[in-house]
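In what follows, a structure is listed as structure tokens, so that the remarks can point back to it.
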Amino acid sequence: MKHVTIAVVTPSQLLATGIVSTLSKLRDPGVTVKLFDGDHVTPEQIAAVKPSLAVVDTLALSPEAVARLKESCRVAGIRHSELTVAHTAAYDDLLNLYDPLSRLEAIVRETAEENRGEEDRQELSPREKEVIVGIVKGLSNKEIAAEINVSVNTVMTHRRNIASKLQIHSPAGLTIYAIVKKLVRLDEIRATIDS
């Protein structure tokens with residue numbers, strides 16, 4: 001499992017102790033737990049520790065505070081009483097105080113997998129950026145290979161890696177990406193269209 005920082009937000013020491021104990025039993029050293037007293041904390045203070053997941057006592061934060069916290073991480077609420085629909089709808093996940101421990105473990109593992117997926121999308125290499133520029137200019141694999149002095153097979157490998165990293169599979173999508181990332185200028189694209 002990928003490393004996950006988990007913020008636990010509750011005014012109850014008993015609940016906090018139980019959650020920390022449960023998380024410490026996960027068979028993975030990649031879990032760091034940060035405790036916050038739910039009566040004296042803001043979403044910004046929680047977000048400052050850059051958690052991947054916040055496990056929040058549903059009575060500790062208002063729905064508005066939960067919405068602000070969700071801007072920085074996944075938020076799972078621990079419900080121990082009946083709440084309004086507006087209050088429970090604010091959370092990504094809801095746990096009941098009587099749920100099995102495996103439910104919390106599943107949420108932690110899902111969060112870790114989501115984090116790994118984001119980190120697997122690595123930065124493009126300089127050569128991959130050159131291949132994107134060639135694609136945006138409308139060059140064939142052979143023309144790109146000649147321009148950057150590599151084999152056609154290498155260009156095809158770069159194209160597969162680009163598609164995998166960016167999850168963009170069309171020349172139009174790559175064109176938008178190249179413009180946004182300033183790999184090409186609009187006047188360069190216009191010049192290739194006009195010729």
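Below, each value reflects all heavy atoms present in this structure, side chains not excepted, and no hydrogens, waters or symmetry copies.
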**Item:** T17 backbone acceptor or donor facing S21 side chain under 3.5 Å
**Value:** no

**Message:** For V20, run the side chain to side chain contact (heavy atoms under 4.5 Å, CB included) check against I6, V55, L35 and tell me which one passes.
**Reply:** L35

**Side-chain heavy atoms of V41 within contact of I46, under 4.5 Å** = yes

**Flag if over 12 foreign heavy atoms under 6.0 Å of NZ, K70** = yes

**Message:** Can a donor-acceptor pair be found, under 3.5 Å and without considering hydrogens, that links the side chain of T157 to the backbone of N153?
**Reply:** yes

**Asked** Just wondering, do V49 and F36 contact through their side chains at under 4.5 Å, heavy atoms?
**Response** yes

**Complete:** Scanning both residues in full, the closest heavy-atom pair of D99 with R103 reads OD2-CG, 4.0 Å

**Request:** Assess whether side-chain contact (heavy atoms from CB on, under 4.5 Å) is satisfied between V4 and R109, documenting all intermediate values.
**Result:** CA-CA 9 Å; V4 180; R109 292 193 189 289; over 6 Å; no

**Asked** Is there a side-chain contact between I148 and T154, using heavy atoms and a 4.5 Å cut-off?
**Response** no

**Prompt:** In the single-linkage hydrophobic clustering (I, L, V, M, F, W, Y; side-chain heavy atoms under 4.5 Å), do L53 and V9 co-cluster?
**Reply:** no

**Message:** To the closest 0.5 Å, what do you measure between CG (L186) and CD1 (I179)?
**Reply:** 4.5 Å

**Request:** Could you please spell out the steps behind the side-chain contact (heavy atoms from CB on, under 4.5 Å) verdict for L15 and D57?
**Result:** CA-CA 8 Å; L15 187 55; D57 181 332; 3.8 Å; yes

**Request:** Mind listing the closest non-hydrogen atom pair of V66 and Y91 along with its distance?
**Result:** CG2-OH, 3.4 Å

**Message:** Taking the side chain as everything from C-beta on, heavy atoms only, tell me whether E147 gets closer than 4.5 Å to I144.
**Reply:** no

**Message:** Using side-chain heavy atoms (C-beta onward) and a distance below 4.5 Å, is H80 in contact with L59?
**Reply:** yes

**Prompt:** With V152, which residues qualify under side chain to side chain contact (heavy atoms under 4.5 Å, CB included), at least two apart?
**Reply:** N141, K142, A145, M156

**Request:** Evaluate the criterion side chain to side chain donor-acceptor pair (under 3.5 Å) for residue pair D37 and H40; output intermediate values, then yes/no.
**Result:** CA-CA 6 Å; D37 182 348; H40 305 96; 3.2 Å; yes

Hey, can you pull the donor-acceptor pairs under 3.5 Å for the side chains in residues 128-135, sequence neighbours left out?
unit_1: E128; atom_1: OE1; unit_2: S125; atom_2: N; d: 2.9
unit_1: E128; atom_1: OE1; unit_2: S125; atom_2: OG; d: 3.4
unit_1: E128; atom_1: OE1; unit_2: K165; atom_2: NZ; d: 3.0
unit_1: E128; atom_1: OE2; unit_2: K165; atom_2: NZ; d: 3.4
unit_1: E130; atom_1: OE1; unit_2: R127; atom_2: NH1; d: 2.9

